[in-house]
Novice: 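Following this message is one structure expressed as structure tokens.
Please read all numbers here as calculations on a predicted model, not as lab measurements. Computed from heavy atoms alone, side chains included, the values below leave out hydrogens, waters and symmetry copies.
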Amino acid sequence: MNNKKAFIFDLDGVIVDTAKYHYLAWQKIANELNIDFTLEHNELLKGVSRVRSLDIILELGKVEASQEDKDKWLVQKNEDYLSYLVDMNESEILPGVFPVLKFLKEKGQPIALGSASKNARPILEKTGILSYFDAIVDGNDVTNAKPDPEVFLIAAQLLNINPEDAIVFEDSVAGVQAANIGKMTSVGIGSATVLHEAKYIFKDFTEIDTNFIEDLIKK
């Protein structure tokens, strides 16, 4: 029985935790603008585009800004963020992810990345897992942000798999919704109370065993 499924992974918070670097980069700008920006506030930026993230921070501080200033801060934020990525290596891969990728590869299952990040490729290269992915769809390839399923639909298409045969691993509400809207199987990684719309939920990849993956392939 040679069932082929598309296994699609989000990046931030699923494969690696670059959220901390986004937070540091945004916090630097917030500090310059005298805006109080906490880790709690940072949760509002999960799965949200860079442009919208800046707007949210400005709204928090009730700061009005010209488009010119916004553009300048967006560039600055990305440069700061990228400077944190320079030293990334395989130790940044979240626990349990690598065994799942390895198992899927051994089973000949197509694997894709579906992420809003525009820095997905360099991150996968630095962490040494780029070769595991048969397709990469990132922020450079899509026009609509999650919960629009565009990023996952493109990924399934590149893998030549019907959306109904795609399994998506996501840590954000918008990502889970995007998978569901795209008629895909959603697997939430994180808090069950936050990701309750996902079909399956695990705290992290260490809770996912090969039997679960086998069952998904057979379905």
Side-chain angles (χ1 to χ4, degrees), residues 2-19 22 46-50 52 93-94 96-190 195 197-202 204-205 208 212-219:
N2 187 21
N3 286 14
K4 281 260 198 273
K5 294 285 197 285
F7 285 85
I8 307 171
F9 293 76
D10 177 40
L11 181 65
D12 293 346
V14 173
I15 293 176
V16 290
D17 185 13
T18 52
H22 284 294
K46 253 195 178 178
V48 172
S49 73
R50 199 184 307 166
R52 180 70 192 119
I93 299 171
L94 289 168
V97 172
F98 189 63
V100 170
L101 288 174
K102 204 160 166 283
F103 183 73
L104 289 172
K105 216 48 175 172
E106 283 163 7
K107 291 282 170 187
Q109 293 297 313
I111 303 171
L113 188 87
S115 167
S117 169
K118 291 194 171 176
N119 304 299
R121 283 171 198 276
I123 289 171
L124 293 177
E125 270 174 38
K126 286 181 180 299
T127 52
I129 54 173
L130 184 64
S131 61
Y132 281 84
F133 292 86
D134 303 297
I136 291 168
V137 186
D138 63 16
N140 301 299
D141 308 307
V142 293
T143 42
N144 301 308
K146 302 167 188 173
D148 189 290
E150 182 187 20
V151 64
F152 298 143
L153 292 172
I154 294 173
Q157 199 177 349
L158 289 173
L159 297 178
N160 242 341
I161 302 286
N162 291 327
E164 305 82 67
D165 291 322
I167 293 102
V168 173
F169 296 94
E170 258 291 352
D171 73 318
S172 73
V173 174
V176 166
Q177 288 170 342
N180 292 342
I181 292 165
K183 305 273 188 289
M184 301 176 175
T185 300
S186 53
V187 182
I189 304 294
L195 303 174
E197 290 175 60
K199 182 162 187 189
Y200 304 101
I201 304 167
F202 297 93
D204 57 34
F205 275 88
I208 297 179
F212 173 70
I213 301 289
E214 284 272 22
D215 287 344
L216 288 175
I217 294 169
K218 285 177 191 154
K219 276 183 181 161

Novice: Is there a donor-acceptor pair closer than 3.5 Å between any side-chain N or O of Lys199 and the backbone N or O of Asn180?
Specialist: no
Novice: Would Asp204 and Leu94 satisfy side-chain contact (heavy atoms from CB on, under 4.5 Å), going step by step from the backbone distance to the final call?
Specialist: CA-CA 8 Å; Asp204 57 34; Leu94 289 168; over 6 Å; no
Novice: More than 12 heavy atoms of other residues, nucleotides or ligands under 6.0 Å from CD of Glu150: yes or no?
Specialist: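 More than 12 within 6.0 Å, yes.
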Novice: Given side chains that start at C-beta, do those of Ile208 and Ile213 come closer than 4.5 Å, heavy atoms only?
Specialist: yes
Novice: Could you report the tightest heavy-atom contact between Ala6 and Leu159, atom names first, then the distance?
Specialist: CB-CD1, 3.7 Å
Novice: Which heavy-atom pair separates Phe205 from Val97 by the least distance, and what is that distance?
Specialist: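 In terms of heavy atoms, the two residues are closest at CD1-CG2, 3.5 Å.
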Novice: Do other residues, nucleotides or ligands put more than 12 heavy atoms under 6.0 Å from the NZ atom of Lys105?
Specialist: yes
Novice: Which pair of non-hydrogen atoms, one from Phe152 and one from Met184, has the smallest distance, and what is that distance?
Specialist: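 It is O-CE, 3.4 Å.
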Novice: Does any non-hydrogen side-chain atom of Asn3 lie less than 4.5 Å from one of Asp165?
Specialist: no
Novice: Any salt bridge between Glu125 and Arg121, counting N to O under 4.0 Å?
Specialist: no
Novice: Taking all non-hydrogen atoms of both residues into account, name the closest pair between Ser186 and Ala198 and its distance.
Specialist: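 Closest pair (atom of Ser186, atom of Ala198, distance): OG-CA, 3.4 Å.
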Novice: Name the orientation class of the two ring planes belonging to Phe169 and Phe7 (parallel below 30°, tilted from 30 to 60°, perpendicular beyond 60°).
Specialist: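 Parallel, since the angle between the ring planes stays under 30°.
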Novice: If you take all heavy atoms of Ile8 and Ala155, which pair is closest and at what distance?
Specialist: CD1-CB, 3.9 Å
Novice: Flag the pair Leu11 / Leu124 as yes when at least one side-chain heavy-atom distance between them is below 4.5 Å, and no otherwise.
Specialist: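 A side-chain contact exists here, since the closest heavy-atom pair is under 4.5 Å.
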Novice: Which heavy atom in Gly182 sits nearest to a heavy atom in Leu153, and how many Å separate them?
Specialist: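 Looking at all heavy atoms of both residues, the closest pair is O-CD2, 4.2 Å.
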Novice: Would you call Tyr132 and Leu104 a side-chain contact if the rule is heavy atoms closer than 4.5 Å?
Specialist: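 No, too far: nothing below the 4.5 Å cut-off.
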Novice: Please list, one pair per line, the donor and acceptor atoms closer than 3.5 Å that link side chains of residues 112-119 to other protein atoms, with sequence neighbours excluded.
Specialist:
residue	atom	partner	partner atom	Å
Ser115	OG	Ser117	N	2.9
Ser117	OG	Asn119	N	3.0
Ser117	OG	Ala120	N	3.4

Novice: Treating Lys5 as the side-chain partner and Lys219 as the backbone partner, does any N or O pair qualify as donor plus acceptor under 3.5 Å?
Specialist: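 The answer is yes, because a donor-acceptor pair under 3.5 Å joins these two groups.
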Novice: Do Phe103 and Gln109 have side chains that get closer than 4.5 Å, going by heavy atoms?
Specialist: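 The answer is no; the side chains never approach within 4.5 Å.
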Novice: Report the residue from Thr127, Ile129, Ile189 that forms a side-chain contact (heavy atoms from CB on, under 4.5 Å) with Ile15.
Specialist: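 For Ile15, the side-chain contact (heavy atoms from CB on, under 4.5 Å) check succeeds only for Ile129.
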